Amino acid sequence: MDSDRDISLTSARAVLSPTEVDRAAAFAFDTDRHRYVRMRALLRRSLGAALGCSPAVVDVKTEQDGKPFVETDGLHFNLSHSAGLGLLAVSDNGPVGVDVERVDALDGATDEPGFPAQFLTAEELLTLSRCPPAERRRTLLTWWTAKEALMKLGGEGFGRDPRQIRLVLQGTRPVGYGGADSTALLQCGSTAGGEAIYALAREVRSWPAARVPPLQRQTETA
């Protein structure tokens, strides 16, 4: 989201609504303003392609909590961003939740006493304690993105305690959810350069219809 490689600022501004233009102008720093403009334009392009209309006429509304939506039966989307990276998932068969985080997002935080206990279950904390120190940060971030994707899928966001979410792990890799959340499917991966980790959560019934537009090239996490 930090260069014209994805979309030029001129092209991006041309498809924004007056409300979005006003919101962009309210940012104090150019970097944040430009990221917002590009992300909203890429969102409009993807939704326009799905709806068969011009990006500029897509009626993107905002809920009270700031979450964007469109009043169209059957079309769902969710977006996430971390620094200059953006991720968007669009579904025509049920809600979807996504999260993307840069690997360096937890710099220093992993060394703070009690940090993992703020969002991990007792079983996950035990598994983490056995994790090699060199893998700790990426493991923590992968688990966090998996949990936040589910929180966004259900619409609770940070209103839900992430410690209530139990990850199903193969080694340290999350492959699903346990308990009452077991009906949701999980896909985790990383960008091609490995600088960021993403997660996508969906209900089982609608998993085949989920698609993630290639805003950032992605590879499956090993």
Side-chain angles (χ1 to χ4, degrees), residues 1-92 95-109 141 144-145 148-149 151-160 191-193 195-201 211-218:
M1 301 296 105
D2 289 338
S3 74
D4 286 345
R5 179 184 57 188
D6 298 300
I7 183 173
S8 72
L9 283 174
T10 301
S11 299
R13 290 192 184 100
V15 301
L16 298 190
S17 69
T19 299
E20 290 168 331
V21 171
D22 290 343
R23 182 174 179 184
F27 283 94
F29 300 103
D30 287 343
T31 298
D32 296 330
R33 181 182 306 110
H34 295 167
R35 287 173 178 171
Y36 172 80
V37 168
R38 288 191 173 101
M39 190 65 194
R40 296 296 290 200
L42 289 169
L43 168 63
R44 285 180 165 276
R45 281 188 173 183
S46 296
L47 294 179
L51 296 170
C53 65
S54 167
V57 302
V58 175
D59 188 13
V60 181
K61 299 182 182 296
T62 305
E63 296 179 356
Q64 290 186 348
D65 61 1
K67 182 179 179 180
F69 71 98
V70 289
E71 291 183 337
T72 302
D73 291 339
L75 184 66
H76 303 266
F77 66 93
N78 195 239
L79 67 162
S80 177
H81 57 84
S82 179
L85 298 176
L87 176 67
L88 168 67
V90 181
S91 167
D92 55 12
V96 60
V98 296
D99 185 45
V100 63
E101 301 288 349
R102 295 188 65 91
V103 173
D104 58 11
L106 291 181
D107 276 349
L141 200 56
W144 170 251
T145 57
E148 185 169 349
M151 291 154 64
K152 295 174 72 176
L153 169 64
E156 307 100 332
F158 291 102
R160 181 177 184 183
T191 53
E195 74 273 28
I197 293 170
Y198 74 89
L200 183 150
R211 55 189 184 278
V212 180
L215 302 189
Q216 178 78 24
R217 186 180 175 186
Q218 302 160 346

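We number each residue from 1, following the sequence as shown. Source: prediction; values computed, not measured.
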Look only at the side chain of [X] and the backbone of [Y], and say whether a donor-acceptor pair between them is shorter than 3.5 Å.
X      : Y      : value
Arg38  : Ile7   : yes
Thr191 : Ala196 : yes
Arg40  : Leu16  : no
Lys152 : Val98  : yes
Ser82  : Arg102 : yes
Ser17  : Glu20  : yes
Thr145 : Asp99  : no

- Item | Test salt bridge (Lys or Arg N to Asp or Glu O under 4.0 Å) applied to Asp22 - qualifying residues, sequence neighbours left out | none
For the residue pair [X] and [Y], what are the closest heavy atoms and their distance?
X      : Y      : result
Phe158 : Glu148 : CZ-OE2, 3.8 Å
Leu141 : Val103 : CD2-CA, 3.3 Å
Arg160 : Met151 : O-CE, 3.6 Å

- Message: Tell me whether the rings of Tyr36 and Phe27 are parallel (<30°), tilted (30 to 60°) or perpendicular (>60°).
- Response: tilted
- Task: Please list, chain by chain and in numerical order, all residues satisfying side-chain hydrogen bond (donor to acceptor under 3.5 Å, both in side chains) with Asp32, sequence neighbours excluded.
- Result: none
- Item | Derivation and outcome, side chain to side chain contact (heavy atoms under 4.5 Å, CB included), residues Glu101 and Ile197 | CA-CA 6 Å; Glu101 301 288 349; Ile197 293 170; 5.7 Å; no
Less than 4.5 Å apart, any side-chain heavy atom of [X] and any of [Y]?
X      : Y     : answer
Leu47  : Leu75 : yes
Leu79  : Met39 : yes
His81  : Arg35 : no
Arg23  : Thr19 : no
Phe77  : Val70 : yes
Val57  : Asp59 : no
Glu195 : Leu85 : yes

- Item | Contact list for residues 45-56, test salt bridge (charged side-chain N to carboxylate O under 4.0 Å, His left out), sequence neighbours left out | none
- Hey, could you give me the OG/CG distance between Ser80 and Leu87, rounded to the nearest 0.5 Å? 6.5 Å
- Item | Euclidean distance, Asn78 CG relative to Leu43 CG, rounded to 0.5 Å | 10.5 Å
